[in-house]
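A short write-up of the structure that comes next.
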Amino acid sequence: MSILVDDDTRVVVQGITGGEGKFHAEQMIEYGTNVVAGAVPGKGGQEVGGVPVYDTVDQAVEAEDADASVVFVPPAFAADAIFEGLDTDLDLVVAITEGIPTQDMAKVYKRLTEVDTRLIGPNCPGIITPGEAKLGILPGNIFESGNVGLVSRSGTLTYQVVDSLTSRGIGQTTAIGIGGDPIIGTDFIGALELFENDPDTHAVVMCGEIGGEDEEEAAEYIAQNMDTPVAGFIAGRTAPPGKRMGHAGAIVSGSGTGTAESKINALNDAGVPVGDTPEEVADSIEDLL
Amino acid sequence: MSILVDDDTRVVVQGITGGEGKFHAEQMIEYGTNVVAGAVPGKGGQEVGGVPVYDTVDQAVEAEDADASVVFVPPAFAADAIFEGLDTDLDLVVAITEGIPTQDMAKVYKRLTEVDTRLIGPNCPGIITPGEAKLGILPGNIFESGNVGLVSRSGTLTYQVVDSLTSRGIGQTTAIGIGGDPIIGTDFIGALELFENDPDTHAVVMCGEIGGEDEEEAAEYIAQNMDTPVAGFIAGRTAPPGKRMGHAGAIVSGSGTGTAESKINALNDAGVPVGDTPEEVADSIEDLL
Amino acid sequence: MKLHEYQAKQVFAEAGIPTPGSALATSVDEVVEVAEDLGYPVAVKAQVHVGGRGKAGGIKLVEDADEAREAAESILGMDLKGYTVEKVLVEEAVDFTNELYVGVTMDRGEGKPVVMVSERGGVDIEQVAEKDPEAIVREHVDPAFGLHPYQARKAVYDAGIPQSVARDVASVVSTLYDLFEERDGSDVEINPLMVTSDDDVVAADAVMNIDEDALFRQPELAEMEEEAAEDDLEAKANEYGFDYVRLDGNTGIIGNGAGLVMTTLDLVDYYGGEPANFLDIGGGAKAERVTNALDMVFSDENVDSVVFNIFGGITRGDEVAKGINAALEQFDEIPKPVVVRLAGTNAAEGREILNDDLVTVEETLEGAVQRAVEFANEEADQ
Amino acid sequence: MKLHEYQAKQVFAEAGIPTPGSALATSVDEVVEVAEDLGYPVAVKAQVHVGGRGKAGGIKLVEDADEAREAAESILGMDLKGYTVEKVLVEEAVDFTNELYVGVTMDRGEGKPVVMVSERGGVDIEQVAEKDPEAIVREHVDPAFGLHPYQARKAVYDAGIPQSVARDVASVVSTLYDLFEERDGSDVEINPLMVTSDDDVVAADAVMNIDEDALFRQPELAEMEEEAAEDDLEAKANEYGFDYVRLDGNTGIIGNGAGLVMTTLDLVDYYGGEPANFLDIGGGAKAERVTNALDMVFSDENVDSVVFNIFGGITRGDEVAKGINAALEQFDEIPKPVVVRLAGTNAAEGREILNDDLVTVEETLEGAVQRAVEFANEEADQ
């Protein structure tokens, strides 16, 4: 089993005719993802990688019965594309785009309270259920099917941890990059809840980083609601206050909230071992399984 | 019994220091309504009619444990006042103000889908439970306690019908003026539903007028969901298309929707007798009781 | 409140919607002059608030100065469904390959603005809506968010607008929505939105109706309103602050409260009369407002009698009666018979007070209306 | 992106928020000249992105020309927490009776903007927030609707702002929110908002931080950014389009992906080294970007060694290795030792390709970091 995406997921790629969109749509298809359509205004009637392109998401969903979309649309237009996905009654929208203005995302976040669609991202690598489907830019070949769930605010850090797991023969049910922005659709708790309810996920890796209080809230959630064991990692222990560390969301505020220390303590208090290095996280998972 | 308001309703008057607000707050108190506070920015600490005034609705509710408000605020500021009422977790907001821009009301209408508070109005005479409480500008002395519910888009037309009922010795459970604007908080169906669920309401008078399709939808609701008998009246049979008949909402569109004929037919089809004159409505109610 | 085509086009053009070159003219010479400046062919279009101007002869396409003069002579001063044409818009004729429809209005049932796009422009869109509703694509807008750009595109693509102009049409739709929102529109339309052989789009007509309740925050449009008012009586009603609608009959009607006034109209009709107007004087009945209301009704030369129907609610009937007396006593002679019906709080006392020498007092609404209709029929027979 | 006080005040003043009379000066003479124009007393305020300027001697109140000259001499050119002061704002001193705080920021947990008002302005508001959170009233804003006027009033009244200035403060709050929204603010504050003895309110300081991801639609503010940049290396990073943060250590760090780069920093610290910077070169590793990244890191004279950590995901390791080789071969001599760690797809092939003459190749992240820290320590010891 897996969470959110699998063999049956029928995917629309929003922005499929752009450079990134085209490249990753083809990669997704190559991985075996059931990409059924693209959606790009003005490009209706074209084909990319054998997939028909429609002018609107709605038309793509109508014609190809899609239930998920991946957004590869430049930052200035990405929030609009996400709204289009959310308003089209999909089950899942995955927004890869980095650099969406925060106030655009605040509006999207409001809209999320009004619809049943789940949003992953933005500014995320996407989601993968190894061997079945990937929606996003994750390198499929480093993943292996198995029983560890993975949720992370970061892309390459995820790959680093997955690489350690896979090289030890530990496979994954599903891996989700929730994204490095201050406002995201699915937070740690949202992902952890899904893993907790997935009988095939026997342990979860949670990779956090500085900024916000999402990890602290997740720690509380884990302590109160999870039977599935969790191992953690927090990036940014050495980050100075007030500086944005690459991700728009990775910033320790001047008043000292969002520090790695606070997050590590919260996780430890919740019984979650937090590795000092990525390899230590893989060690913990080996212990927990 | 009654619907929505009674002896226990604790009322804040928004705009109590204005001419209208002051006059009607005093009338409401004189009628026996439990007016516990006023709210007017910048007038906190004053008193009107023995009632303390606060700067915000929130402060009034906190201090006086109010659960309903009546809005007597000029049109330019009325939507803001309604938002303030809706966001303060009241059970009921009654907006008397006439002339609120429709687009302001569209935003209020959206907000109504997000809160549990009920809005009556705007551009309405308010609501009265005879002998217990009135929130609005209705002339209390023409009402009498009894077992007929009344819901109307119009003020003086309501009084006309009530006068006919009372003079025949037929009293009322509650009378609601839902308002003459194109976008209102509580429509006919909303009010009819409450009357249907009130065991003391044995019959309902529904006074509609031209414009919109609210009466047609109410007719369908009556046919499908109501055991309580309803008698109807529709004003505006002689109104020409494209002209606003006093109320912002009372207009037969150029394409011919919103006509009195369509409404009368729909009500007749739902088994609702529609009087040619107000007296005929009172006749029907006598028959139905 | 309706803007004239030329006013709406000015607003549209300022917002960036392409419109044909044009100028307003009020005389035949001016029409020819403007036409020469623009270059032929031009359209000469009557500026009156009447639908179907084209069919009624209010729009003419002209190829040269002679035709322009002829058209101007026939249109300026003509009577178009009761309105005298005083202004015409002289406008470049657009060489189109296709006519589209775009509009934004308030869907009161949904409580939301709705954007409409159709490939079937250039005809009576309300007929299209009735006979072939599928031909008009509707996209509702959440007023808290405003129109998302994707929604403009969706409406355009779903309406089957050709790819070659889809982007431009979507842009017009977005601008139109912005105008609707920023200018407190109640109904904003372009019909037709013409597509030229170069795949440009041009607003060949323009409708812009404004929410009257929002004019207080639209001073620029409120100024246009004065210019747009056409009926003297309706202009007078604006001045007095009355809700007034002029009708064709001969029984004048004054009352308080829209629903009750409408009901009075309906009863006039029910009892065989013909209502001359709708006039709501609002709450209470102060002498000055009563005077103004009577002035309005008597200014309508069709009026043969007046029914004055007041339901005293909070305001007591005796006070209302005093106001009515004071107003009536200002007339040397009451020009047409007036029937007064007074109901509600202290109605009996009020009826006592009313001056029987000046008016006929009736106790019931039905009785008052019947009496006024009789008076009107008598006067009309004289 | 942070605006300077003088830039933020300019934006606030244009939006209608009252600010004291002021002018920017870059020389001692200019300070005196401006001060004379404004009239004494004036404040001379260092324009650098440093908190607690007052305590650090960056703000001086002066009463006459001599004092102004003295203040200008001490502040201009001074080192304020690592930044050299090149500009000062000379500003009318406000005679205040009370100091308030108003601000708007994004509450990321709620996903909503939040308006903040406090009667306890003029001090470090973050300390107030920590020690006496009740003293700051917070009102969350639904971003679809924007700030309702009642919310501005509610925040002001709940904060206990006196009736005499409540209306003006609410108006400043509304304007501040509009700026936050229209200018894509991430953090907009006035601390203190001074209340004068005439019950006027004046923004005595101004903070305006802009969402960097929104600068594309804020051209006017983007221009101010250049003016505001203070660190040469950070300016260079902007030019190259890198996410770069300068730190105090001597181990340079280059990597791809924010999380992985942060992790590399943390490991440098974990293994006893000190990170010199955060530098994310983003996806892939084209030769040009690698060259630029190395240029950046070597431009920092503190750097004694470099760890280059690339996780090849979609981009294959062999391709990454070629890019790194090509970049390194452009150097006549590699200024400081570089350790490369390559992981992910085709990592082994990539490691084979890497030029051992120019860099030290490590297989694991831990190994690479340890090696780079050793190099840094060795270099530092020389």
Tyr159(A) and Phe143(A) aromatic ring geometry - parallel, tilted or perpendicular at 30°/60° bounds: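 Ring orientation of Phe143(A) relative to Tyr159(A): perpendicular.
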Under 3.5 Å, sequence neighbours excluded: what are the donor-acceptor pairs made by side chains of residues 207-219 of chain A?
| from | atom 1 | to | atom 2 | distance (Å) |
| --- | --- | --- | --- | --- |
| Glu209(A) | OE1 | His247(A) | ND1 | 3.4 |
| Glu209(A) | OE2 | His247(A) | ND1 | 2.6 |
| Asp214(A) | OD2 | Phe188(A) | N | 3.4 |
| Glu215(A) | OE1 | Arg153(A) | NH1 | 3.2 |
| Glu215(A) | OE1 | Lys263(A) | NZ | 2.8 |
| Glu215(A) | OE2 | Arg153(A) | NH1 | 2.6 |
| Glu215(A) | OE2 | Glu209(A) | N | 3.0 |
| Glu216(A) | OE1 | Lys263(A) | NZ | 3.1 |
| Glu216(A) | OE2 | Ser262(A) | OG | 2.4 |

With a 4.5 angstrom heavy-atom cut-off, could you sort out which part of [X] is near chain A: side chain, backbone, both or neither?
{"X": "Glu110(D)", "answer": "backbone"}
{"X": "Asp213(D)", "answer": "both"}
{"X": "Asp184(D)", "answer": "both"}
{"X": "Leu265(D)", "answer": "both"}
{"X": "Leu365(D)", "answer": "side chain"}
{"X": "Phe311(D)", "answer": "both"}
{"X": "Asp248(D)", "answer": "neither"}
{"X": "Leu247(D)", "answer": "side chain"}

Euclidean distance, Glu279(A) CD relative to Glu366(D) CD, rounded to 0.5 Å: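 Between atom CD of Glu366(D) and atom CD of Glu279(A) there are 5.0 Å.
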Asn209(D) side, atom CG; Phe180(D) side, atom CZ - distance, nearest 0.5 Å: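 Result: 10.5 Å between the selected atoms.
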Note: [X]-[Y] ion pair, threshold 4.0 Å (strictly below):
{"X": "Glu286(A)", "Y": "Arg168(A)", "answer": "yes"}
{"X": "Asp104(A)", "Y": "Arg217(D)", "answer": "yes"}
{"X": "Arg53(D)", "Y": "Asp205(D)", "answer": "yes"}

Candidate pair Tyr83(D) and His49(D), rule ring-ring contact (aromatic ring centres under 6.0 Å, His included), full reasoning: CA-CA 8 Å; Tyr83(D) 291 92; His49(D) 291 141; 7.3 Å; no
Heavy-atom pairs under 4.5 Å with chain D, option from Val161(A), Ile100(A), Asp181(A) with the top count: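 Result: the option with the highest number of such pairs is Ile100(A).
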Most contacts with chain D, counted as non-hydrogen pairs under 4.5 angstrom, among Pro125(A), Ala76(A), Ala260(A):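 The answer is Ala76(A).
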Residue among [options] with most heavy-atom pairs under 4.5 Å to chain A:
{"options": "Gly255(D), Ala144(D), Ala258(D)", "result": "Ala258(D)"}
{"options": "Phe278(D), Phe216(D), Phe242(D)", "result": "Phe278(D)"}
{"options": "Glu274(D), Glu212(D), Lys112(D), Glu181(D)", "result": "Glu181(D)"}
{"options": "Pro143(D), Ala214(D), Gly257(D)", "result": "Pro143(D)"}

Engaged part of Lys110(A) at the chain D interface, taking heavy atoms whose separation is under 4.5 Å: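 When you check distances to chain D, only side chain atoms of Lys110(A) fall under 4.5 Å.
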Residues that Asp280(D) engages under side chain to side chain donor-acceptor pair (under 3.5 Å), provided they are two or more places apart: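 Testing Asp280(D) for side chain to side chain donor-acceptor pair (under 3.5 Å), a comparison that skips the adjacent residues, returns none.
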